[in-house]
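Single-structure report; data block below.
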Amino acid sequence: MYDFIHIDEKWFYLTQKSQRVYFANNEPFPHRKRKSRTKIPKFMFMAAVARPRWGQDGQCEWDGKLGIFPFTDAVAAKRTSKNRVKGTIETKPIKSVNQIATRAMLINYLIPAIKEKWPPHEGERVIYIIQDNAKAHILQNDQEWQQHYKQDGFTLILTQQPANSPDCNILDLGFFRSIQSLMHKKMPKTVEDLSGAVTEAYNELHAKTLSNVWMSLQYVGNEILKHKGDNNYQLPHNKKKILEDEGNLPEQVKAPRWAVNECKQLVDEWRANQ
């Protein structure tokens, strides 16, 4: 899985409807003002992560983080108000996250991030970019993408994760939840603070958290095999922390042979009936 990149989009809200906060003695209660609970400012971000690299001594050689990019525009205010004067540059979410916006994000932000941050390698490197099946995503045969997917020794292949399987994406499996939890602790007050808080939370999250999610993905793959491709399973808890402390945490999880054989038999029967 060291040649895989997982990308996904998520809405991040400026604040939650309810949030638990601990106060010191006589500390004033923070007051939040919004027009409505249904009108809380939000931005959509695209995150991209790969599997972290660890050295023989247990030190992190690369954290696997390629970046988290907001779908926003810088717009000048059209009129003066009590909050700002005319012409002030404001950060606004783009009107529609469609294939045009996604394509621009991949070409203008993700590809440069891969070329800048990917660990050193020799020769041609083929990297698979895993995404879900949202309509806003482009496919590998997209004409404009075909002009950019080969650059500086990299060959980038867009591919889709299995349908109705959110657990097959690292970000949905657990990384987004960790970012969101850390972001809300920063208590952003403006939309500019929101963008910065999300980026800071993404960068501050420990590489071991991301590495553990990649391990969970392998265990999820085993559960899918055991249930013959169905998503009717419980997320496995395999005591990764205990195994790591004992020095028994594997780099690669082995699949049960019986589950593999049963799934191969199902595939052969399906092909025979086509």
Side-chain angles (χ1 to χ4, degrees), residues 1-12 42-53 61-74 91 93-121 123-161 166 168-176 178-180 183 194-205 207 209-211 213-214 217:
M1 292 186 173
Y2 288 112
D3 293 332
F4 291 170
I5 295 174
H6 283 225
I7 64 171
D8 201 8
E9 296 83 24
K10 180 176 175 57
W11 288 106
F12 284 92
K42 61 181 180 179
F43 285 161
M44 179 174 282
F45 290 77
M46 173 186 284
V49 294
R51 190 174 185 185
R53 271 59 160 178
E61 297 179 348
W62 184 51
D63 59 8
K65 300 175 185 176
L66 292 165
I68 185 165
F69 316 109
F71 288 94
T72 57
D73 287 329
T91 302
I94 66 175
K95 295 182 179 179
S96 177
V97 179
N98 50 25
Q99 288 190 352
I100 297 175
T102 302
R103 183 188 298 110
M105 189 67 73
L106 292 174
I107 294 175
N108 299 329
Y109 290 91
L110 181 58
I111 292 180
I114 294 172
K115 294 193 295 184
E116 175 186 357
K117 299 181 179 181
W118 199 264
H121 64 279
E124 188 75 13
R125 191 75 173 186
V126 179
I127 300 175
Y128 296 90
I129 301 175
I130 314 297
Q131 58 186 356
D132 61 22
N133 296 275
K135 292 182 179 179
H137 288 161
I138 62 173
L139 302 178
Q140 178 65 21
N141 59 5
D142 182 85
Q143 292 184 359
E144 191 169 347
W145 173 257
Q146 286 290 315
Q147 302 174 15
H148 298 85
Y149 81 101
K150 282 190 175 184
Q151 293 189 25
D152 299 335
F154 290 97
T155 299
L156 307 176
I157 307 299
L158 288 174
T159 184
Q160 274 60 42
Q161 69 191 53
C168 292
N169 190 291
I170 291 296
L171 297 156
D172 284 333
L173 186 57
F175 198 61
F176 268 148
S178 301
I179 297 174
Q180 191 172 38
M183 182 273 292
L194 171 61
S195 181
V198 172
T199 303
E200 289 177 11
Y202 176 87
N203 293 329
E204 292 174 6
L205 209 60
T209 301
L210 178 58
S211 185
V213 182
W214 278 93
L217 177 64

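Computation of the quantities below employed the complete heavy-atom set of this structure, encompassing side-chain atoms and omitting hydrogens, waters and symmetry-equivalent molecules.
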Ignoring hydrogens and angles, tell me if any N or O in the side chain of [X] forms a donor-acceptor pair with the backbone of [Y] under 3.5 Å.
X: Q160; Y: L139; result: no
X: T102; Y: A136; result: yes
X: Y202; Y: G67; result: yes
X: N169; Y: I7; result: yes
X: D63; Y: P52; result: no
X: Q161; Y: N133; result: no
X: H148; Y: I107; result: no
X: Q140; Y: L158; result: yes
X: W214; Y: Y2; result: no

Atom [atom1] of residue position [X] - does it have more than 12 heavy atoms of other residues, nucleotides or ligands inside 6.0 Å?
X: Y128; atom1: OH; answer: no
X: I100; atom1: CD1; answer: no
X: F154; atom1: CZ; answer: yes
X: Q146; atom1: CD; answer: yes

Looking at every non-hydrogen atom in both residues, tell me the closest pair between [X] and [Y] and how far apart they are.
X: V213; Y: G174; answer: CG1-N, 4.3 Å
X: L66; Y: A113; answer: O-CB, 3.4 Å
X: K117; Y: K65; answer: CD-O, 3.7 Å
X: I129; Y: W145; answer: CD1-CH2, 4.2 Å
X: A101; Y: I94; answer: CB-CD1, 3.6 Å

Would you check, one step at a time, whether the test side chain to side chain contact (heavy atoms under 4.5 Å, CB included) holds for E9 with H137? CA-CA 10 Å; E9 296 83 24; H137 288 161; 2.9 Å; yes
Could you tell me whether the side chain of [Y] reaches within less than 4.5 Å of the side chain of [X], counting heavy atoms only?
X: F71; Y: W11; answer: no
X: I111; Y: L106; answer: no
X: R51; Y: F4; answer: no
X: L156; Y: Q151; answer: no
X: S195; Y: F45; answer: yes
X: M1; Y: L217; answer: yes
X: I179; Y: L205; answer: yes

Nearest 0.5 Å, please: how far is [atom2] in [Y] from [atom1] in [X]?
X: F175; Y: L210; atom1: CZ; atom2: CG; answer: 5.0 Å
X: I138; Y: Q131; atom1: CD1; atom2: CD; answer: 7.0 Å
X: D132; Y: I130; atom1: CG; atom2: CD1; answer: 11.5 Å
X: L194; Y: F12; atom1: CG; atom2: CZ; answer: 8.5 Å
X: I5; Y: I170; atom1: CD1; atom2: CD1; answer: 12.5 Å
X: E204; Y: T199; atom1: CD; atom2: OG1; answer: 10.5 Å

Verdict with supporting geometry, R125 and D3, salt bridge (charged side-chain N to carboxylate O under 4.0 Å, His left out): CA-CA 8 Å; R125 191 75 173 186; D3 293 332; 2.9 Å; yes
Would you please name every residue forming a salt bridge (Lys or Arg N to Asp or Glu O under 4.0 Å) with D142, sequence neighbours left out? R103
Partners passing salt bridge (Lys or Arg N to Asp or Glu O under 4.0 Å) against R53 (at least two apart in sequence or in another chain): none
With salt bridge (Lys or Arg N to Asp or Glu O under 4.0 Å) as the rule and sequence neighbours excluded, what pairs involving residues 147-156 come up? K115-D152
